[in-house]
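Here is the structure we will look at.
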Amino acid sequence: MATIKRFNLISLIFFMLAYGFCSTALSAEKVELSAIVLTFDPPIISEINYTEALYNRMKTLAGDKTGSDNLAAIIGSLGANWLLSRNLSGIQLALIFPDYNDQLPATIEKYINQLVSDLNKTPLKAESISFSQHLIVREQQSFIANERERISLYTYGISLDKFYKIKNLLEKFDFLYPAPASAEPCKHCVLKDSSPALVKVLNWNQISASSFFSAKFLGEKFLRNEDDSEKIEYEIIFEPGMLKLFLIAKGSEEELFIQYPRIEEFSGKISETGKSSGWETYARTAAQILIDDNRDLAKSLQRKAWFKHWQSNFNESEINFVVPEDSGILISMPSSDRHFFSRTGHQFPRIVATLNDDGKNISDISIRIAAEPGIIDEIVKTFDTDQTISFPLSMNQESEQYLLIQFHAANENVSRSIAGIRSRILNHLALKNLVNELPSELSVSIAAASSAPPFLLRGWLQRGWPADPANYSWQPASIEDLYELLDISGNDKSAFKRKWLLKTATGRDKAELLARLASKGLFIESFDLQ
């Protein structure tokens, strides 16, 4: 009899315990039992996660009913069980025999050789990669180079010589786990053909019943707190001796801007969770499940194999809430440039935000305004005569038709600062009856540079100056546009390179350059033009 299940982290019952054994025979008072459990890391080859492909291949090979010498046929004839399961952190194949000690090793050896031959003959093909699978690729880069078993063997009732014979056979799977090009986790993750995503990563430096159920409770609470369950999810990921909870929000950059503070607020209240009545009820239920499942020898064997593989134990008699030791934010974008630039679409004003990763909580902001002669003069006058703006501004009236305003603000004050400038300008022009139609009579381009993610910075800017529909489009800046912008005559590449470095040396410089480009409807995707 075969059981094939997919681990479900959303369900209450612990995924490694919910295999659906025919446990009546195995739970008898005393039985002779032999078991072999293989636990596979997710195979990551050239930054592609082949877990699903490997699982499907193993399932097909093991359960192909057309042959008489496959795993299902052999085990079925012996009245035993084979079980194949997977989750985001790995694949498990278990063979459970009521006795048959000598036949069990021979059966698994035959299956291993068949699987290796099949994989060599027909290599795995990449299937569609979900965002959660992409997270595994990203996370495994941080520990994949460590000296540890990528496929582990756990046995019960098997002689030592046969244990090592099977263990040596597992070396045939080394081709599934090539050394990565880099062991560093990606800083700016890119998943093509996928919507932007925001991930809060919570880390526990231990794998235990308490840490697992704490993470699971938080994940389920996160889902209940959000209205749009289709765009949020959570995943629990195992690493050697560590447990990670991913709180995931997907959607447009505007939707991520809304989700960001919600996730941060949720994370900030985690320490209070262990005191809630909801947790106490949840913990009692989880503890009872563990007690019940510990009475099932087969489930206990598989659980021991799983936690041995991940260098941990799961033996607490009491489940307590455990606060994660640390946390961080991970952002995924469909293209690399969107990690560094974010801009409005067909909206007034034009807004561009860029990443200036200096580690400071300060945004440098430039506003470039274009208008008919006389209007610029009036804008300058209002800032000269009205001192209600509480932060210093730098104003450069480039001509009768162009004005450049520059200032800096703490990230939490960006929206308020922009709103104050907007109110000052529009109220004064309305009183003078100088501007009636926006944006046809007044062109405003805002650019900012900060260590904050660009989608977040753009959201702050747009909150300060709410958008109106506008009929325009963006165009990528050509090299000729950039030469003109920097006032470089001819084709002096050396002069251009030197001036470009000067104009992008600081966050203030970057904001000014982007504001000037935006006022012409132009954008760039990188400050590195080499």
Side-chain angles (χ1 to χ4, degrees), residues 9-10 87-89 130-143 185-191 194-207 210-239 242-274 276 278-279 321-334 338-339 342 355 357 359 361 411-412 450-460:
L9 291 173
I10 304 299
N87 69 4
L88 287 177
S89 294
S130 68
F131 181 76
S132 296
Q133 289 172 316
H134 178 68
L135 284 179
I136 290 294
V137 175
R138 180 259 177 190
E139 282 301 311
Q140 280 217 316
Q141 301 306 307
S142 64
F143 68 83
C186 69
K187 185 176 182 180
H188 302 291
C189 293
V190 176
L191 184 60
S194 179
S195 61
L198 172 67
V199 185
K200 185 70 176 182
V201 185
L202 304 173
N203 303 306
W204 286 262
N205 295 327
Q206 58 176 316
I207 300 176
S210 291
S211 64
F212 175 83
F213 283 111
S214 296
K216 191 163 174 50
F217 182 77
L218 288 172
E220 293 175 356
K221 184 179 180 182
F222 173 66
L223 295 184
R224 290 195 301 270
N225 285 358
E226 296 295 333
D227 298 329
D228 193 352
S229 58
E230 292 185 359
K231 293 192 176 181
I232 62 168
E233 59 186 274
Y234 81 89
E235 297 289 355
I236 297 176
I237 305 297
F238 288 85
E239 293 185 9
M242 295 183 64
L243 194 70
K244 296 196 173 188
L245 171 65
F246 294 92
L247 305 178
I248 306 169
K250 294 180 286 188
S252 66
E253 291 186 21
E254 289 77 11
E255 289 170 322
L256 294 193
F257 176 73
I258 295 172
Q259 286 291 350
Y260 189 96
R262 292 180 179 178
I263 290 179
E264 290 295 276
E265 182 182 10
F266 178 88
S267 302
K269 295 180 178 179
I270 284 177
S271 59
E272 304 171 10
T273 302
S276 67
W279 162 253
F321 186 79
V322 182
V323 176
E325 278 80 9
D326 58 82
S327 64
I329 285 287
L330 168 68
I331 297 170
S332 178
M333 288 290 173
R338 291 177 67 174
H339 281 290
S342 179
L355 180 67
D357 200 2
N361 189 37
N411 287 346
E412 61 268 23
S450 171
S451 59
F455 78 87
L456 194 59
L457 177 56
R458 177 166 72 88
W460 294 334

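Worth knowing before you read on, the calculation uses all heavy atoms, side chains too, and leaves out hydrogens, waters and symmetry mates.
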List in chain and number order the residues that pass side-chain hydrogen bond (donor to acceptor under 3.5 Å, both in side chains) with [X], two or more places apart in sequence or in another chain; answer none if no residue qualifies.
X: Glu264; value: Lys200
X: Asn203; value: Asp326
X: Asn361; value: Asn411, Glu412

Please report the closest heavy-atom contact between [X] and [Y], naming both atoms and the distance.
X: Leu245; Y: Ala215; result: CD2-O, 3.5 Å
X: Leu247; Y: Ile263; result: O-CD1, 4.3 Å
X: Val322; Y: Gln206; result: CG1-NE2, 3.8 Å
X: Leu457; Y: Ser450; result: CD2-CB, 3.6 Å
X: Trp204; Y: Val323; result: NE1-C, 3.6 Å

**Contacts of Phe321 that satisfy ring pair (Phe, Tyr, Trp, His ring centres under 6.0 Å) - sequence neighbours left out** =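 If we apply the ring pair (Phe, Tyr, Trp, His ring centres under 6.0 Å) test to Phe321, skipping adjacent residues, the hits are Trp279.
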Check ring pair (Phe, Tyr, Trp, His ring centres under 6.0 Å) between Tyr260 and all other residues, then give those that pass, not counting sequence neighbours.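 Listed in chain order: nothing, the list is empty.
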Quick one, [X] and [Y] - any side-chain contact, counting heavy atoms below 4.5 Å?
X: Phe257; Y: Leu456; result: yes
X: Leu355; Y: His339; result: no
X: Lys216; Y: Tyr234; result: yes

To the closest 0.5 Å, what do you measure between [atom1] ([X]) and [atom2] ([Y])?
X: Ile270; Y: Phe217; atom1: CD1; atom2: CZ; answer: 11.5 Å
X: Phe212; Y: Leu243; atom1: CZ; atom2: CG; answer: 7.5 Å
X: Leu330; Y: Lys244; atom1: CG; atom2: NZ; answer: 9.5 Å
X: Lys231; Y: Ser195; atom1: NZ; atom2: OG; answer: 7.5 Å
X: Leu88; Y: Ile237; atom1: CG; atom2: CD1; answer: 4.5 Å
X: Phe455; Y: Ile331; atom1: CZ; atom2: CD1; answer: 4.5 Å

Which residues pass the salt bridge (Lys or Arg N to Asp or Glu O under 4.0 Å) test with [X], sequence neighbours left out?
X: Glu265; answer: Lys269
X: Glu254; answer: Arg458
X: Lys221; answer: none

Holding to side chain to side chain contact (heavy atoms under 4.5 Å, CB included), I want the full list of residues that pass it with Pro334, two or more places apart in sequence or in another chain.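 For Pro334 the side chain to side chain contact (heavy atoms under 4.5 Å, CB included) partners, ignoring immediate neighbours, are Pro196, Arg338.
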With sequence neighbours left out, write down each residue that passes side chain to side chain contact (heavy atoms under 4.5 Å, CB included) with Ala197, or none if nothing qualifies.
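By the side chain to side chain contact (heavy atoms under 4.5 Å, CB included) rule, Ala197 matches Phe131, Lys250, Ser332.
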Between Gln259 and Ala249, is there a donor-acceptor pair closer than 3.5 Å when you use the side chain of the first and the backbone of the second?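 Side chain of Gln259 to backbone of Ala249: no pair is present.
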